[in-house]
Amino acid sequence: QVQLVESGGGLVLPGASLRLSCAASTHTFSNYIMGWFRQAPGKEREFVAAIGRRAGTTYYANFVQGRFTVSRDIAKNTVYLQMNSLKPEDTAVYYCAANDRYGPSSPGNYAYWGQGTQVTVSS
């Protein structure tokens with residue numbers, strides 16, 4: 001069992017930055033691909049970014065367009081999502097998830113999920 005706890009969400013102005021964190025309670029953190037997903041009201045959950053088991057490979061949704069960076073600190077069992085140049089359409093609940101399979105962009109491959117953190121981008 002892996003418990004994931006996200007933090008770092010909030011209300012920001014368009015163009016601002018936020019860094020989300022996700023702390024994992026597991027001794028086998030490096031066994032998992034770690035992903036970030038988001039879900040806006042009335043929309044399906046969508047893939048945002050993911051990072052490989054040894055942090056060697058990263059994956060991003062097309063809409064990220066170089067604005068977001070995913071990283072992980074294996075020593076701290078934590079994965080991060082640095083979000084820059086935020087737009088109102090980035091408003092959503094952001095979820096961290098752990099994947100012990102393959103296919104980093106498919107939610108079905110993630111066995112463990114955090115509770116989510118709200119990100120609101122508004123003027």
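This chain uses plain numbering: 1 for the first residue, then up along the sequence.
Pairs engaging residues 77-102 under the ring pair (Phe, Tyr, Trp, His ring centres under 6.0 Å) rule: none recorded [sequence neighbours left out].
Looking at Arg67, its side chain does come within 3.5 Å of a backbone N or O of Ser85 through a donor-acceptor pair. Of the possible donor and acceptor atoms, none in the side chain of Gln82 sits under 3.5 Å from a partner among the backbone N and O of Thr69. A donor-acceptor pair under 3.5 Å is absent between the side-chain atoms of Thr57 and the main chain of Gly52, judged by distance alone.
In this structure, Lys76 places its NZ atom where only 12 or fewer heavy-atom neighbours from other residues, nucleotides or ligands lie under 6.0 Å away. By the 6.0 Å contact criterion, CD on Glu44 is open, its count of non-hydrogen atoms from other residues, nucleotides or ligands being 12 or less.
Considering every non-hydrogen atom in both Ala49 and Tyr60, the closest pair reads CB-CD2, 3.6 Å. Residues Val70 and Thr58 share a closest heavy-atom pair of CG1-CG2, 3.8 Å. Contact record, Phe29 with Val79: CZ-N, 4.2 Å, taken as the closest heavy-atom pair. In terms of heavy atoms, Tyr110 sits closest to Gly103 at CE1-O, 4.4 Å. Taking every heavy atom of both residues into account, Leu86 and Val12 meet most closely at CD1-CG2, 3.8 Å. Across all non-hydrogen atoms, the minimal contact from Ser17 to Asn84 is OG-OD1, 2.9 Å.
Side-chain atoms of Thr120 and Ser122 form no donor-acceptor pair, as typed in the model, at a separation below 3.5 Å.
If you take CD1 on Ile51 and CG on Asn99, they are separated by 13.0 Å, rounding to the nearest 0.5 Å. Remark: Leu20 CG to Thr78 OG1 distance equals 12.5 Å, nearest 0.5 Å. Here the CD-CD distance, from Gln115 to Glu6, works out to 4.5 Å after rounding to the nearest 0.5 Å. Thr26 OG1 to Asn77 CG: the interatomic distance, rounded to the nearest 0.5 Å, is 6.5 Å. Atom CZ of Arg19 and atom CE of Met83 lie 11.5 Å apart (nearest 0.5 Å). In this structure, OG1 on Thr117 lies 14.0 Å from CZ on Arg38, to the nearest 0.5 angstrom.
The same ILVMFWY cluster, assembled from side-chain heavy atoms under 4.5 Å apart, contains both Trp36 and Phe63. Phe47 is not connected to Val64 by any chain of hydrophobic side-chain contacts under 4.5 Å among Ile, Leu, Val, Met, Phe, Trp and Tyr, and they are in different clusters. Under the 4.5 Å side-chain heavy-atom criterion for grouping Ile, Leu, Val, Met, Phe, Trp and Tyr, Phe68 is connected to Leu18 within one hydrophobic cluster.
Ring centroids of Trp113 and Phe37 are separated by less than 6.0 Å, placing the two rings close together.
At least one side-chain heavy atom of Arg72 sits less than 4.5 Å from a side-chain heavy atom of Ile74.
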